[in-house]
Amino acid sequence: MSKAVTARQQGDDYQAYHFWMLAAEMLRPTAKIAEVGYEVGDYKSFDDVAVKYAQPRIHAHGIEVDADYFQIKFSVNYCKAITAEALVDPSFIGAQSVSFLERLRDAVQKIPGGANHRFVLITPRPPDPNDTLSTLLNTSNGSINCDALLQGKTKNSRMGKIRELWASKLGLKDELELVPILQRLKIVCWPENLQDIIGHLNARLEAAGLQSWPESSRANPYPQLIRALCAEGKKWFTRECIMKAATREGLISSTILPSTSGTRLGIRTFMRWAENMEDETDAMLCLCGHFVDRYIRSPELWTSVIIPETTRFLRSNVRPGGNYVMDLQTLTSVAFLAGYLLDPKLNVKLAIVQDRGSVPWEVDSNRISAISDRWEQHISVVGNGRDLVVGISISRPVTADVTAYICKASLPAQEFVSLEPQGGPGQKTIVDATDAYGLAQHVVNHLSRIRKEKEILGPTHLFLAAPNVFSFFLGQLARPLGQIKLYEYHFGSGETGAYTPSVTINHEVRI
């Protein structure tokens with residue numbers, strides 16, 4: 001099979017997965033979704049998937065949205081980033097003569113009177129951090145910052161060049177005509193690979209009472225089902241339609257998931273899979289505005305904003321002895337920070353959302369002692385420094401990247417400790433919350449012993465590739481390790497050792 005055919009099939013599946021994400025969400029009683037559409041014909045190019053809301057949702061610029069129409073652009077790799085120029089280049093959407101923004105202009109002009117429709121681009125391609133578009137894209141809601149776009153009065157200013165480019169390509173007489181067009185746009189960059197997306201989808205399907213797709217099976221029935229329904233002429237689907245089709249195909253789950261009680265708290269640093277967190281939590285902290293996708297807008301924000309805002313949020317919403325469900329749609333560093341702040345001495349009962357839509361994970365304290373130490377430990381001498389460098393490989397291997405970063409950043413390290421679970425990294429390494437907690441406890445024991453035996457006095461530099469449930473519990477247990485400096489990896493950079501420093505915390509950081 002040619003690469004072109006494979007890519008097209010993967011793109012079709014990518015579209016179908018996003019349909020089923022919304023369809024599974026619609027099955028939840030609190031979702032307030034009326035219908036989900038597939039290959040609808042209301043707007044050219046924005047016809048891949050659509051959703052009509054039973055209750056309007058608030059977009060940026062004060063706009064109430066009663067329906068979203070999606071253009072879903074799959075990419076087999078991350079080599080091409082989104083730029084301001086790409087949005088007016090027809091090749092960006094695989095077209096010959098009409099660009100994405102021209103399609104957006106036409107769609108906005110076609111909105112029926114009294115309707116409030118939004119148009120959404122979903123793509124795995126990241127925004128180019130060196131392009132002007134990255135400064136305009138609002139990561140809290142995917143909107144374009146029109147106020148920032150209008151800054152700079154001359155055509156030679158940074159924003160003036162973008163306004164002139166876009167307005168000329170759209171045939172607008174006045175650059176201000178861009179505003180009502182761009183106000184209807186939402187751009188969502190989801191860099192997860194198809195395997196990760198299927199994992200998220202499975203969680204939503206299970207929570208909705210539908211069967212998940214077992215990884216042992218080659219053929220996923222859900223893309224096939226929606227394409228078959230579409231071929232029969234069906235375009236829009238209510239809750240009843242989805243349940244009827246799923247029942248007929250034998251996709252109703254016989255497993256009833258138990259519910260988890262407690263005050264639901266949410267923290268997010270990115271929007272993908274977390275757009276509706278406000279509806280699913282009792283209190284929420286959104287840090288998206290400080291990031292462009294996974295990249296912090298400015299390094300000092302870790303100390304000046306991320307740590308204090310997270311501290312204030314948890315201090316305001318957590319009480320000793322309370323019962324809480326934590327939904328952490330965040331970078332690893334923020335999950336670790338949240339755990340560090342929620343010291344076990346607070347004696348709170350916690351459940352962690354591992355896969356959104358599935359039952360949160362709770363630690364069984366009676367089983368912790370039974371969790372075996374499955375870590376394979378490799379220690380190497382780095383230099384004459386005072387610090388300890390630690391690489392933990394659960395989701396993926398990090399040793400090569402950390403080794404490269406140690407040299408590149410000239411870390412003042414004495415020892416480098418690499419920890420991998422027996423059998424190597426993988427998505428199924430951690431089986432539940434108790435397993436995550438027990439493994440985190442063994443990590444702290446290893447590192448505490450090494451620091452003592454090697455007489456290491458400096459900070460611990462921590463490089464994590466792990467699920468947030470593990471990072472959270474490691475944070476909870478990490479106070480004996482002294483000052484800790486964490487790092488975030490830049491996915492899609494293509495560079496070995498593509499880390500940047502994130503939070504630095506010590507015993508003074510507490511709620």
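- When all heavy atoms are compared, the tightest approach of Asp327 to Gln329 is OD1-NE2, 2.8 Å.
- Interatomic distance, CG of Leu210 versus OG of Ser253, reported as 8.0 Å (0.5 Å rounding).
- Counted within 6.0 Å of CD on Glu232, heavy atoms from surrounding residues, nucleotides or ligands total more than 12; the atom is thus considered enclosed.
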Side-chain donor-acceptor distances from residues 158-165 under 3.5 Å, at least two apart:
residue : atom : partner : partner atom : Å
Arg158  : NE   : Thr132  : OG1          : 3.1
Arg163  : NE   : Glu175  : OE1          : 2.9
Arg163  : NH1  : Leu149  : O            : 2.7
Arg163  : NH1  : Gln151  : O            : 2.9
Arg163  : NH1  : Gly152  : O            : 3.2
Arg163  : NH2  : Gly152  : O            : 2.5

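- Using a 4.5 Å cut-off on side-chain heavy atoms (C-beta onward), Gln183 and Val179 make contact.
- Rounding to the nearest 0.5 angstrom, the gap separating the CG atom in Leu87 from the CG atom in Leu104 is 9.5 Å.
- A salt bridge does not link Asp42 to Lys235: none of the charged nitrogens lies less than 4.0 Å from a carboxylate oxygen.
- The closest side-chain donor-acceptor pair between Glu39 and Gln15 falls under 3.5 angstrom.
- At a threshold of 4.5 Å between non-hydrogen side-chain atoms, the residues Leu194 and Gln10 count as touching.
- Within 6.0 Å of NZ in Lys52 there are more than 12 heavy atoms belonging to other residues, nucleotides or ligands.
- Checked against the 6.0 Å centroid criterion, the rings of His18 and Phe70 do not qualify as a close aromatic pair.
- When side chains are defined from C-beta on, Arg125 does not count as touching Cys189, because their heavy atoms never get closer than 4.5 Å.
- Ring centroid separation for the pair Phe46 and Phe100 comes in under the 6.0 Å cut-off.
- Remark: the Arg103 side chain and the Ser45 side chain contain an N/O donor-acceptor pair separated by less than 3.5 Å.
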- Check step by step if side chain to side chain donor-acceptor pair (under 3.5 Å) holds for Asn156 and Thr154. CA-CA 5 Å; Asn156 291 326; Thr154 69; 5.4 Å; no

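- Looking only at atom types and distance, the side chain of Thr330 has no donor-acceptor partner in the side chain of Thr269 under 3.5 Å away.
- Taking a cutoff of 4.0 Å between a charged side-chain nitrogen and a carboxylate oxygen, Glu25 and Arg204 qualify as a salt bridge.
- Remark: Leu170 CG to Leu172 CG distance equals 5.0 Å, nearest 0.5 Å.
- Crowding of Lys408 atom NZ: a count of heavy atoms from other residues, nucleotides or ligands under 6.0 Å exceeding 12.
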- Message: Run the side chain to side chain donor-acceptor pair (under 3.5 Å) test on Thr238 and Glu35 for me, step by step, so that the C-alpha distance in whole Å, both residues' side-chain angles and the decisive distance to 0.1 Å come before the verdict.
- Response: CA-CA 5 Å; Thr238 62; Glu35 292 180 283; over 6 Å; no

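- Of the options Asp66, Ile33, Ile63, Val51, a side-chain contact (heavy atoms from CB on, under 4.5 Å) to Arg57 is made by Ile33 and by none of the others.
- Below 30°, between 30° and 60°, or above 60°: for Tyr43 and Phe119 the angle between ring planes is above 60°, a perpendicular geometry.
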- Just do the side chain to side chain donor-acceptor pair (under 3.5 Å) check on Tyr17 and His200 with the steps written out, would you? CA-CA 10 Å; Tyr17 295 147; His200 290 297; over 6 Å; no

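- The aromatic ring centres of Tyr295 and His490 sit less than 6.0 Å apart.
- For the pair Ser471 and Thr332, the tightest heavy-atom approach, listed with the atom from each and the gap, is OG-CG2, 3.3 Å.
- Interatomic distance, CG of Leu225 versus SG of Cys230, reported as 11.5 Å (0.5 Å rounding).
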- Test log, rule side chain to side chain donor-acceptor pair (under 3.5 Å), inputs Thr500 and Glu488: CA-CA 6 Å; Thr500 56; Glu488 288 291 335; over 6 Å; no

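- The ring-ring contact (aromatic ring centres under 6.0 Å, His included) test with Phe19 singles out one residue from Tyr222, Tyr38, Tyr14, and that residue is Tyr38.
- Aromatic pair Phe291/Trp302: centroids less than 6.0 angstrom apart.
- Salt-bridge annotation for Arg118 and Asp68: present, with a side-chain N of the basic residue lying under 4.0 Å from a carboxylate O of the acidic one.
- Ring-plane geometry between Phe463 and Tyr487 is classed as parallel, the angle between the planes falling under 30 degrees on a 0 to 90 degree scale with a further cut at 60.
- Looking at Val65 and Pro56, their side chains never come closer than 4.5 Å, going by heavy atoms from C-beta outward.
- Judged by distance alone, the side chains of Thr83 and Glu85 never bring a donor and an acceptor atom under 3.5 Å apart.
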